[in-house]
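One structure below.
Just so you know, these numbers use all the heavy atoms, side chains as well, and skip hydrogens, waters and symmetry mates. Below, read A as the first sequence line, B as the second, and so on, with proteins coming before strands; counting in each chain starts at 1.
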Amino acid sequence: MEFDFSPVITYFPTLVKGIGATLLIGLVVGIMSIIGGQIVAVITLYTKKVVNWPLRFFIWLFMTTPLLLQLYFLYFGLGQWILIPAIVVGVLGLGFHYMAYNADIFIATIKSVSSGQYEASRSLGFGHLATLFYIILPQALYRAIPQLGNNMIIMVKDISVLSAIGIAELVYLSQYAISVTFRPFEFYITIAVIYYLINILMETGQSWVERRAATRR
Amino acid sequence: MDINLMIEIMPLLVKAAWVTIDISVRALFFGFFIASALVALRSSRTPPVRWLARSYISVVRGTPYFVQLLLVFYGGPAVGLRLDPFTCGVVVGAFNIGAYMSEAIRGAIISVDSGQNEASRSLGFGRFATLQHIVLPQAAGLMIRSVGVLAIILVKNSSLVSIISVVELTYQAQRLIGSTYKPLEVFSLSALMYIVIIYAVMGIVELLYRRATRYTYL
Amino acid sequence: MTQATNTPMVELKGVKKRFGDLEVLKGIDLKVDRGKIISIIGPSGSGKSTLLRSINNLEVIDEGSILLDGVQVNRPDLKGFAFERHINHIRQNMGMVFQHFNLFPHLSTLENVTLAPRKLKGMDARSARELGMELLERVGLVDKASVYPSSLSGGQKQRVAIARALAMRPKVMLFDEATSALDPELVEEVNQVMKSLAEEHMTMLIVTHEMGFARDVSDWAMFMDGGVVVEENTPDYLFSHPDEERTRHFLRKHLGSQAQPQGQS
């Protein structure tokens with residue numbers, strides 16, 4: 001066996017494009033799933049059963065079935081009724097998937113804020129909603145940070161799955177290069193290394209954020 | 001909802017679900033041995049061995065399972081590793097989950113109070129005997145729960161082997177959506193099967209947990 | 001707005017409160033004049049904390065009425081949003097200090113103090129900061145303005161909590177066992193702050209286990225047991241020769257050991 005990494009060098013611009021796409025998707029999905037997760041959690045906790053039961057059902061459904069199955073359903077399923085670009089399906093699919101996971105965390109951390117916090121805020125004259133926004137949600141967010149970080153690290157790895165529905169991220173673009181150069185081993189090793197580096201960066205960032213958040217809990 | 005269609009495709013999906021179960025159970029079985037080996041290597045007295053085990057775990061956890069699968073299946077032949085799709089799914093699944101599981105097992109062992117270890121050693125038990133008779137029985141409950149979580153992840157991850165054309169549940173679902181043009185029916189049925197499998201795993205884990213913690217009063 | 005000076009600051013008339021089948025307040029009458037300090041003592045489960053929390057409407061009373069400076073606090077006639085608006089406004093005029101501090105852990109010490117004036121009174125950031133620093137100065141914690149509650153001692157937390165309550169310029173301060181959760185050596189620093197408030201003639205209701213402090217600082221003392229006021233008098237009279245046997249019994253048990261760090265109610 002002999003390895004030849006020169007095609008990887010040749011296609012380096014393609015890989016850089018793929019890294020950019022992967023990171024951009026990660027950013028959009030990250031923001032969407034964290035903000036959306038909070039909104040879903042609040043609606044789930046503070047509304048009547050008619051509203052929150054369907055939400056609880058969807059959170060549960062997204063958490064008990066595989067991401068790829070959900071993506072296929074959205075991609076081939078929705079594709080029959082409306083024409084949506086794959087990238088939108090991919091971002092929405094991944095976004096909803098992790099929104100469910102994040103909502104599940106937020107529901108737990110919102111519940112974990114003590115009733116004393118609520119009483120202290122109300123005794124100052126804050127109303128129910130103001131208490132939720134100024135006191136409960138910020139604390140729930142700080143408490144959720146370790147688990148949110150884990151979810152986001154897993155999410156970035158799952159972006160690779162989007163190649164299955166033809167989204168031009170790192171893996172998909174490399175597969176194009178592989179089909180031309182016939183060097184799968186070299187390319188997949190390179191992708192693994194790139195992902196590993198991204199992962200290390202994210203873990204470093206996570207522990208930095210966690211250390212900062214720990215003083216506010 | 002087209003009920004007739006759902007009845008019609010049922011046998012195909014059930015068959016595919018068996019492949020999902022088959023691949024997951026095998027990966028879990030081998031993964032457990034890989035995990036145990038990694039735990040042992042991580043507590044080795046030789047630093048390079050510990051370092052190697054740690055690096056392996058770090059790399060596996062730090063890269064996507066999907067990329068690992070593609071690397072072994074498509075890149076494997078370049079290093080003389082030719083696996084059929086099903087075997088490839090089992091092998092990569094086992095090596096992947098093994099890394100995560102070793103962390104879960106180690107975590108459960110560490111969670112046992114260090115005084116237990118000291119008490120046992122002071123009685124004259126050796127390292128291994130202490131692990132076997134004193135630490136593991138106490139760590140078993142937590143270990144079973146966290147391995148259970150990993151088993152569920154393993155089942156969901158097994159959907160990715162559809163990419164290397166193993167005809168498991170997700171592969172079959174995708175094919176049926178393409179041929180029947182009834183995504184909702186196909187999705188509902190295949191989602192239901194995943195849910196049944198996952199709840200079965202949860203049930204088994206709960207049973208094992210109760211057995212393992214029979215004697216602990218916590 | 002301020003009423004005629006002869007209106008009591010806080011007035012309770014026949015207040016009753018039930019938790020399920022258990023009646024914890026069995027008709028309480030109480031008048032607190034402007035600038036006066038009332039201590040409420042009594043065994044655990046006597047209803048003294050419930051009484052204090054009722055004044056802030058943290059417990060909703062079943063019967064009777066509560067007035068703050070002539071304005072009715074409990075308003076069974078108001079429902080939903082209207083009541084919310086009413087009670088939020090009322091509460092801005094009352095400062096409440098809790099046994100377990102309940103500082104907001106996600107906000108710095110200064111932000112804990114300034115949050116309410118900024119968001120509820122629309123105070124601008126600079127004036128709020130000035131006010132906050134002034135209040136932290138009063139409780140002796142200017143140097144801790146930018147730290148988060150997790151790094152404060154219990155005594156420091158409670159002093160910040162008092163500053164936070166004062167930031168809304170309340171007409172009355174309610175102390176619900178403010179020193180009961182503190183280690184004995186930290187009690188005094190909080191007592192000092194409360195004494196300084198007393199010297200400035202802040203109207204205060206103090207539920208406490210600290211007999212010595214109650215005797216020192218208050219103008220009037222009440223002994224509660226089983227949901228009723230058993231006896232009330234000037235602190236000197238109540239603590240030295242109470243009329244009722246229940247009061248004597250309670251005081252015998254508590255005067256010997258004044259520091260009750262684990263006291264709950």
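- Atom CD of C/E137 is surrounded by 12 or fewer heavy atoms from other residues, nucleotides or ligands within 6.0 Å.
- The contact between C/M168 and chain A is made entirely by side chain atoms (from C-beta outward), counting heavy-atom distances below 4.5 Å.
- Heavy atoms only, all atoms of each residue included: A/F126 and C/A116 are closest at CZ-CA, 3.6 Å.
- Contact tally against chain A (heavy-atom pairs below 4.5 Å) for C/I87, C/L107, C/L115, C/V97: the top residue is C/L115.
- The minimum heavy-atom distance linking A/L124 with C/L120 is given by the pair O-CD1, 3.5 Å.
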Across chain C and chain A, what donor-acceptor pairs are shorter than 3.5 angstrom?
from: C/R53; atom 1: NH1; to: A/E119; atom 2: OE1; distance (Å): 2.8
from: C/R53; atom 1: NH1; to: A/E119; atom 2: OE2; distance (Å): 3.4
from: C/R53; atom 1: NH2; to: A/E119; atom 2: OE2; distance (Å): 2.6
from: C/E84; atom 1: OE1; to: A/H128; atom 2: N; distance (Å): 3.4
from: C/E84; atom 1: OE2; to: A/R122; atom 2: NH2; distance (Å): 2.7
from: C/N88; atom 1: OD1; to: A/R122; atom 2: NH2; distance (Å): 3.4
from: C/N102; atom 1: ND2; to: A/G116; atom 2: O; distance (Å): 3.1
from: C/L103; atom 1: O; to: A/Q117; atom 2: NE2; distance (Å): 2.7
from: C/H106; atom 1: ND1; to: A/Q139; atom 2: NE2; distance (Å): 3.3
from: C/H106; atom 1: NE2; to: A/Y134; atom 2: O; distance (Å): 2.8
from: C/Y148; atom 1: OH; to: A/R216; atom 2: NE; distance (Å): 3.0
from: C/Y148; atom 1: OH; to: A/R216; atom 2: NH1; distance (Å): 3.2
from: C/Y148; atom 1: OH; to: A/R216; atom 2: NH2; distance (Å): 2.5
from: C/S150; atom 1: OG; to: A/T215; atom 2: O; distance (Å): 2.7

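- Contacts between C/L103 and chain A at a heavy-atom distance below 4.5 Å involve the backbone alone (N, CA, C, O).
- Contacts of C/F98 with chain A are made by side-chain atoms alone, with heavy-atom separations under 4.5 Å and no backbone atom involved.
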